[in-house]
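Below you'll find the structure, written out as structure tokens, and then a few comments.
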Amino acid sequence: MAVKLVFLGKLADLAGAPEKDVPGPLDWHGLLAALPGPLGEAINGERIKLAVNGAVLPDKTALAAEDGDEIALLPPVSGG
Amino acid sequence: MAVKLVFLGKLADLAGAPEKDVPGPLDWHGLLAALPGPLGEAINGERIKLAVNGAVLPDKTALAAEDGDEIALLPPVSGG
Amino acid sequence: MKDVRILHGELAPGPAMTAFSAAHPESGGIVSFLGKVRPDGDVEALELKHYAPLTLKGMEELADEALTRWPLDGILLHHRTGAMKPGDPIVLVAAAARHRRDAFEAADFAMDHLKSDAWFWKREKRADGWHWIEPRAQDHSDLARWT
Amino acid sequence: MKDVRILHGELAPGPAMTAFSAAHPESGGIVSFLGKVRPDGDVEALELKHYAPLTLKGMEELADEALTRWPLDGILLHHRTGAMKPGDPIVLVAAAARHRRDAFEAADFAMDHLKSDAWFWKREKRADGWHWIEPRAQDHSDLARWT
């Protein structure tokens with residue numbers, strides 16, 4: 001078991017993969033530490049949102065994920 | 001050869017037939033004379049228009065049809 | 001491209017839309033309106049009469065007017081005539097355009113005109129016989145939006 | 001009736017419209033919007049990504065919102081995902097209602113939201129490679145009409 005990170009849109013390009021497993025529990029600082037370099041910088045930007053198990057977080061710095069949770073990293077949508 | 005009258009909508013019910021041939025030439029008074037009874041009264045009403053060979057007359061009392069012409073008697077449309 | 005028809009037989013909207021879409025691969029958006037005979041109250045049947053020299057010409061002019069007002073790639077106006085039952089398709093309008101707002105407005109415009117301003121005469125059969133129909137007040141106010 | 005789908009294969013608008021119309025024999029009018037990948041400039045291909053837990057849920061909520069705002073008999077939202085070519089159908093929206101104005105407005109509303117507010121990420125392949133796309137300013141102003 002781990003926390004699954006799902007990278008959407010251009011974040012998947014920066015991550016080099018659509019998904020990544022990291023050990024839980026995971027808070028906001030743990031997430032930044034797990035994603036160094038340009039990906040971490042991008043995620044820090046205010047236009048990137050987080051969803052945990054399909055629910056978008058109103059405040060992404062309040063992240064608190066456990067093993068088995070899925071965190072989606074969401075850049076601005078393109079629309080359909 | 002004659003002038004062909006084409007009755008649309010409820011006028012066909014009043015006429016008892018969808019079409020009628022009358023001898024030409026035919027002007028407005030000749031048309032009224034050719035259509036006695038309730039049909040003539042209906043056609044006198046301002047909501048009934050006339051078309052000659054597919055062109056609606058701006059002033060139906062200016063009707064001037066020859067043998068071979070087709071006069072359509074047009075009640076208010078229902079739309080599609 | 002104009003595709004204006006008065007249909008004496010069945011109107012099949014699916015195949016008509018497939019063909020219209022295929023004819024406009026360049027269009028970003030296609031808006032369609034399908035009108036069906038409404039099963040209102042005790043209406044058993046509906047009959048639509050037209051007068052070809054006026055009705056088809058009027059529909060062609062309506063299509064031309066829409067093509068003039070909006071930058072469309074194409075417009076389709078298909079209208080049934082003759083005897084129909086409640087639930088039967090009676091009119092199909094479609095507009096293809098580069099941008100969807102133009103397609104929405106053109107289809108809306110065409111329908112408002114077809115509903116109250118086209119050369120059709122309609123009668124409905126109810127339990128007590130046939131009745132000739134005139135446009136609803138709503139149809140007239142819809143039409144006034146475009147003037 | 002709600003018919004909300006994310007399609008991983010082809011979107012066939014004709015059959016979808018035929019089925020939707022058959023499911024709503026009581027509706028006087030059905031408005032549809034078909035969006036296709038526009039052959040703009042040098043775009044060779046387009047890829048749409050979605051995230052099912054958000055994307056499908058968001059489309060379901062959009063359909064519910066339309067059903068709340070207008071007296072509809074039914075609404076259909078079908079959206080492609082994955083790789084597409086210019087000219088391919090990408091989205092089909094349809095609204096069935098007793099009166100056509102409700103169907104027009106609901107389809108227009110649903111499209112404005114899907115175009116700029118839905119959980120999709122789009123990238124286009126041009127001669128110089130892939131580019132991620134964000135909504136046009138026009139899409140945002142279209143959306144603001146409904147608030």
Side-chain angles (χ1 to χ4, degrees), chain A residues 1-22 24 26 31 34-35 37-60 62-80, chain D residues 4-7 11 33-38 46-62 77-82 84 88-93 110-124 129-140 142-143:
Chain A
M1 291 286 282
V3 177
K4 185 201 274 189
L5 306 183
V6 179
F7 304 105
L8 279 305
K10 64 187 175 191
L11 298 182
D13 293 351
L14 289 178
E19 299 181 359
K20 179 181 180 176
D21 282 352
V22 298
L26 195 70
L31 178 66
L35 301 171
L39 190 55
E41 286 169 33
I43 286 165
N44 225 339
E46 64 181 19
R47 302 184 71 205
I48 305 294
K49 295 177 182 171
L50 296 186
V52 176
N53 301 329
V56 179
L57 298 183
D59 172 7
K60 64 186 170 187
L63 174 69
E66 306 287 332
D67 280 344
D69 285 347
E70 178 169 305
I71 305 178
L73 295 90
L74 310 162
V77 296
S78 313
Chain D
V4 176
R5 305 185 203 183
I6 293 175
L7 303 173
L11 196 174
F33 177 85
L34 171 65
K36 297 193 284 186
V37 180
R38 263 206 301 259
L46 177 145
E47 189 177 21
L48 213 61
K49 305 259 192 184
H50 75 294
Y51 178 58
L54 287 179
T55 314
L56 192 59
K57 191 175 68 175
M59 289 171 64
E60 294 273 1
E61 289 169 354
L62 177 59
L77 308 179
H78 288 183
H79 211 298
R80 274 292 308 273
T81 186
M84 284 159 269
D88 284 351
I90 181 170
V91 60
L92 178 68
V93 160
M111 272 313 302
D112 280 354
H113 282 74
L114 283 174
K115 284 302 284 185
S116 63
D117 197 28
W119 292 100
F120 288 102
W121 295 271
K122 186 190 293 178
R123 58 178 189 161
E124 292 176 352
W130 286 97
H131 300 268
W132 290 100
I133 305 300
E134 298 194 6
R136 301 175 302 143
Q138 174 73 43
D139 291 323
H140 287 300
D142 285 347
L143 189 60

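Letters go in sequence order (proteins before strands), and every chain restarts at 1.
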Would you call A:Leu35 and A:Leu73 a side-chain contact if the rule is heavy atoms closer than 4.5 Å?
-> yes

For D:Val37, does its backbone N or O pair with a side-chain atom of D:Asp88 as donor and acceptor, under 3.5 Å?
-> no

Given a strict heavy-atom distance threshold of 4.5 Å, which part of D:Leu114 is in contact with chain A: side chain, backbone, both, or neither?
-> backbone

Should D:Tyr51 and A:Val77 count as side-chain neighbours, where that means a heavy-atom distance under 4.5 Å?
-> no

For chain D, find its close neighbours in residues 8-21 of chain A: heavy-atom separation under 4.5 Å, sorted by number, or none.
-> A:Leu8, A:Gly9, A:Lys10, A:Asp13

Give, as side chain, backbone, both or neither, the part of D:Trp119 having an atom under 4.5 angstrom from any heavy atom of chain A.
-> both

Could you tell me which portion of D:Lys57 (side chain, backbone, both or neither) has an atom closer than 4.5 angstrom to a non-hydrogen atom of chain A?
-> side chain

Can you check whether A:Val3's main-chain N or O pairs, donor with acceptor, with A:Asp69's side chain at less than 3.5 Å?
-> no

Measure from the side-chain N and O atoms of A:Lys60 to the backbone N and O of A:Ile43, and report whether any donor-acceptor pair falls under 3.5 Å.
-> yes

Heavy-atom proximity to chain A below 4.5 Å, by part of D:His50 = backbone

Taking only residues two or more places apart in sequence, or in another chain, which ones meet A:Glu41 in a salt bridge (charged side-chain N to carboxylate O under 4.0 Å, His left out)?
-> none

Just grab all the side-chain hydrogen bond (donor to acceptor under 3.5 Å, both in side chains) pairs involving residues 71-80 of chain A, residues at least two apart or on different chains.
-> none

Could you tell me which residues satisfy ring-ring contact (aromatic ring centres under 6.0 Å, His included) with D:Phe33, sequence neighbours excluded, listed by chain and number?
-> C:Phe104

Pair count under 4.5 Å, heavy atoms only, with chain D: among A:Ala55, A:Pro76, A:Pro75, highest is A:Pro75

